[in-house]
Amino acid sequence: MIRLLLAEDMHLIRKALIALLSCEDDLEVVAETARGEEIVRLACLRRPDVALLDIGMPGVDGLTAASELHRRLPTCKTVILTGLGTPLALRRSLDANVRGFIVKDAEPGHLVDCIRRVYAGERVVDPELAAAALDTDGNPLTARELDILETAASGATVGEIAERLSLSHGTVRNYLSRILAKLGARSRVEAIQIASESGWLWPANGREIGILRQRPRR
């Protein structure tokens with residue numbers, strides 16, 4: 001029997017997944033949660049073999065929890081179940097020692113197969129997505145420029161970006177100017193939109209770009 005922990009903040013989806021997985025003779029959901037900060041605690045308590053984690057969890061995001069879970073309970077393998085089927089999401093998942101990555105619109109049988117293969121010691125990732133994750137030629141931004149833009153995407157001002165990243169205001173402005181030039185954007189919001197839609201920018205809380213919630217898209 002493969003013991004599972006399921007972390008998904010949307011109640012209907014979580015209950016539907018539990019019902020789906022419970023139909024399999026070799027799968028048992030031993031713990032469930034809608035909060036990211038509960039993942040590691042429940043895993044240490046219930047000792048699952050595989051943890052199914054959504055990326056965009058309230059409190060602690062799924063990838064942060066996956067990294068901590070790998071450190072605290074390395075026998076538990078992690079599968080990311082997400083709507084963010086982008087190369088960037090995959091790269092960050094692999095950095096967090098995730099063993100499986102599957103999008104929420106996958107066929108139910110694919111999820112069950114992924115769980116069994118991960119439990120058996122395999123790493124399960126969609127081949128096309130894996131190839132796209134390795135291909136970074138299309139991204140003209142440096143790692144530091146992405147840091148700047150991700151911080152700006154949360155709605156931070158130039159001063160707040162400078163404080164969070166320990167940079168001067170002038171340095172932040174210079175970075176933002178270079179970012180706009182590289183992306184051919186007319187404004188910071190447009191640069192965020194371009195980078196987000198291209199899969200280069202990590203959404204705030206794994207869900208959506210904060211600054212785009214505050215200002216209408218042109």
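Quick note: numbers below take in every heavy atom, side chains included, and nothing from hydrogens, waters or symmetry partners. Given the structure is predicted, the values throughout are model-derived calculations rather than measurements.
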When you group the ILVMFWY residues by side-chain heavy-atom contacts below 4.5 Å and let the links chain together, are [Y] and [X] in the same group?
{"X": "L180", "Y": "L146", "answer": "no"}
{"X": "V158", "Y": "L167", "answer": "yes"}
{"X": "L45", "Y": "V40", "answer": "no"}
{"X": "L69", "Y": "V60", "answer": "no"}
{"X": "Y175", "Y": "L165", "answer": "yes"}

Tell me the closest heavy-atom pair linking [X] and [Y], and the distance in Å.
{"X": "A34", "Y": "P58", "value": "O-CD, 3.5 Å"}
{"X": "M57", "Y": "T33", "value": "CE-O, 4.0 Å"}
{"X": "R47", "Y": "C44", "value": "CD-O, 3.2 Å"}
{"X": "K77", "Y": "G121", "value": "CE-CA, 4.2 Å"}
{"X": "R188", "Y": "A152", "value": "CD-CB, 3.6 Å"}
{"X": "L183", "Y": "I194", "value": "O-CD1, 3.7 Å"}

Pairwise distance [atom1]([X]) to [atom2]([Y]) - rounded to 0.5 angstrom:
{"X": "R46", "Y": "L4", "atom1": "CZ", "atom2": "CG", "result": "12.0 Å"}
{"X": "I39", "Y": "C76", "atom1": "CD1", "atom2": "SG", "result": "10.0 Å"}
{"X": "I148", "Y": "R178", "atom1": "CD1", "atom2": "CZ", "result": "9.0 Å"}
{"X": "D113", "Y": "E122", "atom1": "CG", "atom2": "CD", "result": "8.0 Å"}
{"X": "D61", "Y": "R92", "atom1": "CG", "atom2": "CZ", "result": "9.5 Å"}
{"X": "R99", "Y": "R123", "atom1": "CZ", "atom2": "CZ", "result": "4.5 Å"}

SB check [X] [Y] (cutoff 4.0 Å):
{"X": "E68", "Y": "R41", "result": "no"}
{"X": "R144", "Y": "E150", "result": "no"}
{"X": "D54", "Y": "R14", "result": "no"}

- Query: For E37, does the CD atom sit with more than 12 other heavy atoms under 6.0 Å from it, leaving out its own atoms?
  - Reply: yes
- Query: Should the heavy atoms of other residues, nucleotides or ligands under 6.0 Å from CG of D25 be counted, would the total exceed 12?
  - Reply: no
- Begin with the C-alpha distance, continue with both residues' side-chain angles, and end with the deciding distance and a verdict on side chain to side chain contact (heavy atoms under 4.5 Å, CB included) for E145 and L176. CA-CA 8 Å; E145 287 166 347; L176 288 171; over 6 Å; no
Between [X] and [Y], is any pair of side-chain heavy atoms under 4.5 Å apart?
{"X": "V30", "Y": "L5", "value": "no"}
{"X": "L81", "Y": "I55", "value": "no"}
{"X": "L141", "Y": "I179", "value": "yes"}
{"X": "T151", "Y": "L149", "value": "no"}
{"X": "L27", "Y": "S22", "value": "no"}
{"X": "T78", "Y": "V50", "value": "no"}

- Before giving the answer on side chain to side chain contact (heavy atoms under 4.5 Å, CB included), spell out for L21 and I115 the whole-Å C-alpha distance, their side-chain angles and the decisive distance to 0.1 Å. CA-CA 10 Å; L21 297 171; I115 292 169; 3.7 Å; yes
- Item | Ring-face cation contact, Y119 with R116, 6.0 Å cut, 45° max | no
- Query: Can any side-chain N or O of E8 pair as donor or acceptor with the backbone N or O of M10 at less than 3.5 Å?
  - Reply: yes
- Query: Could you go step by step and tell me if E160 and S154 meet the side chain to side chain contact (heavy atoms under 4.5 Å, CB included) rule?
  - Reply: CA-CA 10 Å; E160 290 168 339; S154 69; over 6 Å; no
- Side-chain H-bond candidate by donor/acceptor type, T171 with N174, under 3.5 Å: no
- Show your working on side chain to side chain contact (heavy atoms under 4.5 Å, CB included) between R35 and D9 and close with a plain yes or no. CA-CA 6 Å; R35 300 289 305 180; D9 64 312; over 6 Å; no
- Query: Can you name the one residue among V118, T82, V124 that meets side-chain contact (heavy atoms from CB on, under 4.5 Å) with F101?
  - Reply: T82
